[in-house]
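To find a chain, count down the sequence lines: A is the first, B the second, and so on, and within it residues start at 1.
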Protein chains: 2
Amino acid sequence: MRPLNGERAGVVTLADVAAEAGVSLATASRALNGSSRRVGEDLRLRVAEVARRLNYAPNAQAQAMARGRSDVVGLLVHDIADPYFSSIAAGVMQAAEEHRLLVTLVSTQRRYGTEAEHIAMLRGQRGRAMILVGSRTRDRDATELLRQEIGTFTEAGGHVVAVSQRSFPVDTIVVENRAGARLLGHELTTLGYERFAVLAGPPELLTARDRLQGFRDGIARAGGGLLPAAVVTGPFTRDGGYAAMTELIARDLQPQCVFAVNDVMAVGAMAACRDHGIELPRDLAVAGFDDISTLRDITPGLTTVRLPLEQMGALAMDLVVTAEPGGSPRVRRVRGEVVVRASTPAR
Amino acid sequence: MRPLNGERAGVVTLADVAAEAGVSLATASRALNGSSRRVGEDLRLRVAEVARRLNYAPNAQAQAMARGRSDVVGLLVHDIADPYFSSIAAGVMQAAEEHRLLVTLVSTQRRYGTEAEHIAMLRGQRGRAMILVGSRTRDRDATELLRQEIGTFTEAGGHVVAVSQRSFPVDTIVVENRAGARLLGHELTTLGYERFAVLAGPPELLTARDRLQGFRDGIARAGGGLLPAAVVTGPFTRDGGYAAMTELIARDLQPQCVFAVNDVMAVGAMAACRDHGIELPRDLAVAGFDDISTLRDITPGLTTVRLPLEQMGALAMDLVVTAEPGGSPRVRRVRGEVVVRASTPAR
DNA sequence: TTGTATGCGTTATCAC
DNA sequence: GTGATAACGCATACAA
């Protein structure tokens, strides 16, 4: 029933398999994992049978050490419970499965300053690559630390893919936040809106900044403008959106339309409106950014800028597996598409 | 600037640090990682300084091999984009961070039959533990395969925590699906509903089955009953809920209340109702199960059975870190709490 | 307190 | 085609 060779009970190693099959370690290794050297068909079958019978699973750690390369990819997100990140992660996971790669997940829980630390942990794992998802920050020191961490990882032969801004010389999926927000601003103006406010997210996040600037551009080009004191900052979360909207309501600026720079905030903002007796979209129009899956089920339908989140995750993994040893950084641009829904009816 | 010893460029090893600091490998090891043996303060400082300067990060794989234990925990979910799983995962991640553990994520993407395979991959990683989240199935063969995989993992010293049903002799967070659904059924009956239908999820999932049975119990005890032909099965997804509801509508049974056995399905069902001109809750009451975070923002508010999802994730990780070597399996029961919202007004 | 030597499980480089 | 054996990077038992 149990392996006969009574070493540390239960841990079946390649040596166990080799012994049981009556072959050398080398042969067992070659028989199980496709080496360039071929192994006699009879032996290979015997070894495979023994391995199956003993429930042998190769020690991936040892393999990684011996081979000098691993099948683990690190994935860094800001918050795995946030649908933005979980959708991207789903894309990553699917692609990982296709390529038989394993994903080690790390979440900063929106403590942006800790990214370097988390990356260092991933670096310790000696994975073949890391995928860094989420906005970069404006913090000089933190960014420098990140650059350092990323540098030592790449110099050690690791591959890095970033999803957000191109802040480092690594493969990057650039989200065209500015352009997307510009298009949205333009569209909203076309719909007849003139008096805008913005829930702008955390000022230190480049994504938040870019979307705000893009939106400003978009409405300015169309001849509109932001109300004075109409930009409220706050965390990139549902509750952050709620709080920011509450603050905005308190300022009593009477905007016609509020742009929350991501959907999660927009959803929170809509809740704040409900709680303050503001009926959407009659009393106020709202728009977001990302098109998270949640939006399918909220009322009124939220106008937003659609990002192909799952695809972005898959694309990131694609950049990992197609990476050339000495290749220079590649950039893939992802453009957002404005989706107009009931939350911003034409005026 | 770069390490002087020109081995495989960029890969700083402990040997590099030791050489640069002019100490032995053993001393360097002891200085950096808290060994029981103490090291002279001067040396420890020197080694630490060199390590920092060279940007040394210990090779976790090598450490794991040498120590015979690893700091990696495998996490298996059915679909990381599903808010049920992403919330639990968030709890796991937070606890992981506190204990300085790394999490390797695997997603079956709801191909329930592939769990054993995925577990085998995790087993290959030689992590210290695995957390298996999500319903077990009724499939005898698949379950036997799982038992086998889990067995070899535990016999090799790995720890396993399951979140769902107690199908294996491992630490388990048992979700009291039956009791929760029973309470819900009772509550809905109390509210005056009599003619029920159920969107029952995939018949092979124990969670789906238990919730259906519990609900049946609950309404039976209160003197009610299910309509004939009022149980529609379907995938545990938003679209599954949509399809199941559409089917139910086609059957034209005129139920007063529909219980979708999880919130994700319920949300899809609500969308189907909208698309078919059924106004909620006027024309039909709807209830779900789980209390996923999405519910905060859908209208009408969905009556459901609340599960402390994040806490469950954290608890799972807690069972991992508090595991005793020879300890017998522990069981933690999680009871759902009925939350009545606008989707099921009193009749 | 510090250093030397061995082992962890596997692959790869040699011989045969 | 098959079998010894030296790495891989680190921890630790044993020596000093």
Between A:Asn33 and C:dT10, is there a contact of a side-chain N or O with OP1 or OP2 at under 4.0 Å?
no

In degrees rounded to 10°, what angle is found between the helical axes fit to the five outermost pairs at each end of the helix from C:dT1-D:dA16 to C:dC16-D:dG1?
40°

Salt bridge or not for B:Arg128 and B:Asp71, using N-O below 4.0 Å?
yes

Hey, is the side chain of A:Ser24 poking within less than 4.0 Å of OP1 or OP2 on D:dG3, counting only N and O atoms?
yes

A:Ser29 side-chain N/O to C:dT10 phosphate OP1/OP2 under 4.0 Å
no

Would you compute the distance between atom CD1 of B:Ile80 and atom CZ of B:Phe85 and round it to the nearest 0.5 angstrom?
9.0 Å

Distance check: side-chain N/O of B:Thr27 vs OP1/OP2 of C:dT2, anything under 4.0 Å?
no

Output the rounded distance in Å from CZ (B:Arg69) to P (C:dG9).
15 Å

A:Arg46 bridged to A:Glu41 by N-O distance under 4.0 Å
no

To the nearest Å, how far apart are A:Asp42 CG and D:dT2 C1'?
11 Å

Where A:Asp16 and A:Thr13 come nearest, the two heavy atoms and their spacing:
OD2-N, 2.8 Å

Atom CG of A:Leu25 and atom P of D:dG1 are separated, to the nearest Å, by 20 Å

Note: B:Asp82-B:Arg110 ion pair, threshold 4.0 Å (strictly below)
yes

Take the protein atom CG of B:Leu45 and the nucleotide atom C1' of C:dT2, then report the distance between them rounded to whole Å.
16 Å

Would you kindly give the CE-to-C1' distance between A:Met65 and D:dC10, to the nearest whole Å?
7 Å

When you get a sec, tell me which of D:dA11, C:dT10, C:dT2 is the closest nucleotide to the side chain of B:Ala66?
D:dA11

Can you identify which nucleotide, out of C:dG9, C:dT2, D:dC10, has its nearest atom closest to the A:Asn59 side chain?
C:dG9

Starting at CD of A:Gln125 and ending at P of D:dC10, how long is that distance when rounded to a whole Å?
13 Å

Per B:Arg30 side chain, nearest of listed nucleotides D:dA13, C:dT13, D:dC10:
D:dA13

What is the distance, rounded to the nearest whole Å, between atom CG of A:Leu14 and atom P of D:dC8?
20 Å

Check this for me: does any side-chain nitrogen of one of A:Glu117 and A:Arg111 sit under 4.0 Å from a carboxylate oxygen of the other?
no

From CZ of B:Arg67 over to C1' of D:dC8, roughly how many Å is that when rounded to an integer?
17 Å

Compare side-chain N and O positions of A:Gln63 against OP1 and OP2 of C:dT11 and report whether any pair is under 4.0 Å apart.
yes

Any Lys/Arg nitrogen of A:Arg140 or A:Glu144 sitting under 4.0 Å from an Asp/Glu carboxylate oxygen of the other?
no

